[in-house]
Protein chains: 2
Amino acid sequence: MFSQASEYALRALTELARCDPQEWVLTSQLAKLLDVPVHYLAKVLQTLARRGILESQRGRQGGFRLGMSPDDVSAYDVVRELDDIRSLESCIMGENDCSDDTACPLHALWKTIRDEFVDALRNTTLRDLADFQEARPGSGRLAAVKSKLPELRRPGPGAAASG
Amino acid sequence: MFSQASEYALRALTELARCDPQEWVLTSQLAKLLDVPVHYLAKVLQTLARRGILESQRGRQGGFRLGMSPDDVSAYDVVRELDDIRSLESCIMGENDCSDDTACPLHALWKTIRDEFVDALRNTTLRDLADFQEARPGSGRLAAVKSKLPELRRPGPGAAASG
DNA sequence: TGATAATAGGACTTGTTTATCCATTTATCA
DNA sequence: TGATAAATGGATAAACAAGTCCTATTATCA
């Protein structure tokens, strides 16, 4: 249904919506948690950062975090940035002149389904996705990934303990 | 939504369901009517012929015609031959372990929409598509294409008039 | 100030879909 | 029997998505 890019984006943003909104999260941590190609995920995150859905910080202590409130970003907003979502609007039989007026044989059916789908995506926020994931048994967490990657763990400012 | 191949197939089969089931129709006639690439359409039709949805006849007076009753072929049957329709069954967020038991945040939504869509495709026959198209104002007909392509027009056996 | 760790961005590879072209096979017609 | 018209099948190209790799840029830390 969605492109790989959109799938990765939805999953990454869901995880970012689950953790401290101030915290910078590494691409490598997200890739590890989601089990997706790290370089490709990086491209996706960069695109989302250009669009304002994410903020990015270069250099040491850098990473990505949400650029907007998870209540203000819908699943539709995410997919729209990465997929040509207007293709959902076009004729499912590929006709050139298919509209409500001159409908192809599948137009009414497709319009019903598609509108239902798009409405649901518009009404589902990153907060919704994060809350669902939070309540899901056995769902991994970024914190767990970090504790399993000691070479990536960094003491926060003021934390002097070093094991 | 569907691949180009499926779109071409649905449209071509709809037209074939509108005309004499005994008549052999040329790829070039269908391509002209649908305004699609003739060679690519030919590949699609050949695939459908291998699957039994179409019959084909080589040589002069050859062409394609339905291999089954238009009442017995659903839109789902057509798309299944050309697209990997199982991708509709897989997780919309791309998760590996997403099922009714361990559902991703969009699972319930997607399952509802997808089932509704697939059921509708299963319950829509080529006859339905053809009937709709038949009642549609301004929908082209294969007969019209043939009369506009005199070089393709062939007298039927016993038809001697050539005026 | 230099080393390090991170994002940013471009070039490249790989695989699939879409599309084109050509030669082959097959059936009909004169 | 030969010419013609059609599907068949293979090779190839173009466009796109997915993924990899390398370098540049930027921020932090010692």
Side-chain angles (χ1 to χ4, degrees), chain A residues 1-9 12 23-32 34-51 54-65 67 82-84 87 94 146 149-160 162, chain B residues 1-9 12 23-31 34-51 54-65 67 79 82-84 87 94 146 149-160 162:
Chain A
M1 184 66 230
F2 298 143
S3 65
Q4 283 288 357
S6 281
E7 290 179 358
Y8 295 168
E23 182 188 0
W24 297 109
V25 176
L26 303 185
T27 304
S28 56
Q29 291 167 350
L30 282 165
K32 184 96 176 177
L34 304 179
D35 192 24
V36 303
V38 58
H39 290 112
Y40 189 65
L41 177 62
K43 301 284 190 199
V44 173
L45 298 180
Q46 284 161 27
T47 299
L48 295 173
R50 280 194 296 272
R51 301 292 194 279
L54 287 180
E55 286 178 357
S56 64
Q57 175 71 31
R58 286 184 170 190
R60 272 196 178 185
Q61 304 280 23
F64 293 92
R65 67 185 182 195
L82 296 162
D83 288 4
D84 179 15
S87 70
K146 280 182 261 186
L149 293 176
E151 73 278 10
L152 293 170
R153 192 171 38 183
R154 304 157 306 188
S162 65
Chain B
M1 184 65 229
F2 298 143
S3 66
Q4 283 288 357
S6 281
E7 290 179 359
Y8 295 167
E23 182 188 1
W24 297 108
V25 176
L26 303 185
T27 304
S28 56
Q29 292 168 349
L30 283 166
L34 304 179
D35 191 25
V36 303
V38 58
H39 291 111
Y40 189 65
L41 177 63
K43 299 288 188 196
V44 172
L45 297 180
Q46 284 161 28
T47 298
L48 294 172
R50 278 194 298 271
R51 301 293 195 279
L54 288 180
E55 286 179 358
S56 64
Q57 174 72 29
R58 287 184 169 190
R60 272 199 176 182
Q61 303 280 24
F64 293 91
R65 68 184 181 196
V79 173
L82 297 162
D83 289 5
D84 180 15
S87 69
K146 280 181 263 186
L149 292 176
E151 74 277 9
L152 291 171
R153 193 170 37 185
R154 303 156 307 187
S162 66

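Chain naming here is simple, since letters A, B, ... match the order of the sequence lines and numbering starts at 1 in each.
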Would you mind reading off the distance between [X] atom [atom1] and [N] atom [atom2], rounded to a whole angstrom?
{"X": "Gln29(B)", "N": "dA6(D)", "atom1": "CD", "atom2": "P", "value": "8 Å"}
{"X": "Leu54(B)", "N": "dA6(D)", "atom1": "CG", "atom2": "C1'", "value": "15 Å"}
{"X": "Leu41(A)", "N": "dA6(C)", "atom1": "CG", "atom2": "C1'", "value": "14 Å"}
{"X": "Leu26(B)", "N": "dT26(C)", "atom1": "CG", "atom2": "P", "value": "20 Å"}
{"X": "Leu34(A)", "N": "dG19(D)", "atom1": "CG", "atom2": "C1'", "value": "16 Å"}
{"X": "Leu48(A)", "N": "dT7(C)", "atom1": "CG", "atom2": "C1'", "value": "14 Å"}
{"X": "Asp84(A)", "N": "dA15(D)", "atom1": "CG", "atom2": "C1'", "value": "15 Å"}
{"X": "Glu7(A)", "N": "dG19(D)", "atom1": "CD", "atom2": "P", "value": "10 Å"}

Side chain to side chain donor-acceptor pair (under 3.5 Å) partners of residues 34-46 of chain B, not counting sequence neighbours, each pair once = none

Set of residues satisfying side chain to side chain donor-acceptor pair (under 3.5 Å) with respect to [X], sequence neighbours excluded:
{"X": "Gln4(B)", "value": "Tyr8(B)"}
{"X": "Glu55(B)", "value": "Arg65(B)"}
{"X": "Ser6(B)", "value": "Asp83(B)"}

What closest approach, in Å, do [X] and [Y] show between heavy atoms, and which atom pair accounts for it?
{"X": "Ala12(B)", "Y": "Leu41(B)", "value": "CB-CD1, 4.3 Å"}
{"X": "Gln61(B)", "Y": "Trp24(B)", "value": "O-CD1, 3.5 Å"}
{"X": "Gly62(B)", "Y": "Leu26(B)", "value": "O-CD2, 3.4 Å"}

message = Treating primed atoms plus P, OP1 and OP2 as sugar-phosphate and everything else as base, which nucleotides of nucleotides 22-30 of chain D get B, S or - for protein heavy atoms under 4.0 Å?
response = ---BBBBS-

message = How would you summarise protein contacts on nucleotides 10-18 of chain C per nucleotide, using B for base, S for sugar-phosphate only and - for none, with heavy-atom distances below 4.0 Å?
response = B-------B

message = It should be established whether Thr27(B) places a side-chain nitrogen or oxygen under 4.0 Å from OP1 or OP2 of nucleotide dA7(D).
response = yes

query = Does a nitrogen or oxygen in the side chain of Ser56(B) sit under 4.0 Å from OP1 or OP2 of dT8(D)?
reply = yes

task = Taking the side chain as every heavy atom from C-beta outward, state whether Leu82(B) and Leu48(B) have any atom pair closer than 4.5 Å.
result = yes

Nearest-0.5 Å distance that lies between atom CG in Leu45(A) and atom CZ in Phe64(A) = 5.0 Å

